[in-house]
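Heads up: the structure comes next, in structure tokens.
Below, read A as the first sequence line, B as the second, and so on, with proteins coming before strands; counting in each chain starts at 1. Keep in mind that the numbers below use all heavy atoms, side chains included, and drop hydrogens, waters and symmetry copies.
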Amino acid sequence: NAGVTQTPKFQVLKTGQSMTLQCAQDMNHEYMSWYRQDPGMGLRLIHYSVGAGITDQGEVPNGYNVSRSTTEDFPLRLLSAAPSQTSVYFCASSYGTVDGYTFGSGTRLTVV
Amino acid sequence: DAKTTQPTSMDCAEGRAANLPCNHSTISGNEYVYWYRQIHSQGPQYIIHGLKNNETNEMASLIITEDRKSSTLILPHATLRDTAVYYCIVRVAPSGTYKYIFGTGTRLKVLA
């Protein structure tokens with residue numbers, strides 16, 4: 001098992017550009033989430049999904065879209081990148097509602 | 001939503017037990033307590049979780065008070081590799097969905 005795979009690992013965007021952060025898991029996990037982490041801070045929840053076709057907003061959803069067409073993939077779309085979206089983005093998944101999350105290694109995004 | 005309170009930082013001597021406290025006085029009866037850690041800028045790593053009873057696994061022990069208003073994560077023999085930020089999280093479940101809210105955690109430094 002590869003676990004949770006995030007691509008790319010690093011990305012630099014110009015203000016106004018759009019892009020998709022990829023997240024894939026091969027553990028047949030139902031629950032998936034996206035978090036962002038800013039310097040010196042904890043993780044903040046952006047969006048999450050409890051299964052294919054079901055998504056919901058977290059603490060800081062503005063400027064981001066998600067979809068969950070398959071159990072394996074949970075991409076995060078930045079619609080029009082802003083410098084305030086410079087952050088490290090983590091994707092996580094878990095099998096059930098009680099199980100602990102497995103996190104990916106992160107995508108480091110800089111918006112200039 | 002149940003909130004958690006943790007000390008900002010702690011030191012522990014290598015080889016000694018590290019005891020990390022967490023206060024969650026507003027926890028509901030069906031909410032679990034989870035512990036994660038984050039080493040450097042890697043993705044968070046799941047450690048352990050519990051509801052009422054004390055729990056132990058190969059990484060750590062979790063002690064939950066009888067009134068469930070606080071808990072302690074115990075690393076029995078801390079090593080330098082245990083230096084990390086430790087997050088205590090109460091899983092919130094509004095409207096039947098489940099998500100984690102991370103705080104800023106405790107920065108544990110294991111000293112040689």
Side-chain angles (χ1 to χ4, degrees), chain A residues 2-7 9-10 21 23 25 27 29-51 54-61 66 68 74 87-110, chain B residues 1-9 22 28-53 55-60 62 64 73 84-108:
Chain A
V4 177
T5 302
Q6 291 185 238
T7 56
K9 293 190 182 302
F10 300 93
L21 280 62
C23 176
Q25 52 89 11
M27 299 172 285
H29 285 177
E30 288 293 326
Y31 296 85
M32 297 187 74
S33 298
W34 276 102
Y35 289 86
R36 62 176 287 175
Q37 185 172 35
D38 300 315
M41 298 182 66
L43 284 80
R44 291 185 292 170
L45 180 65
I46 304 172
H47 286 284
Y48 65 101
S49 170
V50 299
I54 305 170
T55 63
D56 206 346
Q57 297 181 350
E59 303 171 86
V60 288
V66 291
R68 184 95 180 271
F74 191 42
S87 189
V88 181
Y89 291 84
F90 291 103
C91 179
S93 72
S94 73
Y95 183 73
T97 59
V98 177
D99 302 289
Y101 268 109
T102 298
F103 279 81
S105 59
T107 294
R108 284 150 183 78
L109 176 68
T110 301
Chain B
D1 298 347
K3 303 295 184 184
T4 62
T5 303
Q6 300 176 253
T8 303
S9 64
C22 180
S28 298
N30 62 347
E31 290 180 321
Y32 286 74
V33 179
Y34 291 78
W35 283 85
Y36 287 78
R37 71 181 182 182
Q38 187 174 27
I39 299 173
H40 297 300
S41 56
Q42 299 175 18
Q45 177 188 24
Y46 164 77
I47 301 173
I48 198 167
H49 73 276
L51 181 62
K52 296 180 183 178
N53 300 321
E55 302 288 345
T56 296
N57 62 20
E58 65 278 6
M59 291 182 66
L62 174 61
I64 302 175
L73 178 74
V85 177
Y86 288 77
Y87 296 99
C88 168
I89 301 158
V90 171
R91 191 191 70 189
V92 298
S95 304
T97 58
Y98 300 91
K99 58 185 178 181
Y100 292 151
I101 302 296
F102 280 76
T104 53
T106 296
R107 186 172 298 276
L108 175 69

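Taking the side chain as every heavy atom from C-beta outward, V98(A) and Y34(B) approach each other to under 4.5 Å. Between L43(A) and P44(B), the closest side-chain pair of non-hydrogen atoms falls below 4.5 Å. Within the 4.5 Å cutoff, the side chain of F103(A) has heavy atoms near those of the Y36(B) side chain.
Smallest separation of non-hydrogen atoms from F90(A) and Q42(B): CZ-O, 3.7 Å.
Ranked by heavy-atom pairs under 4.5 Å with chain B, the first of Q37(A), R44(A), Q6(A) is Q37(A).
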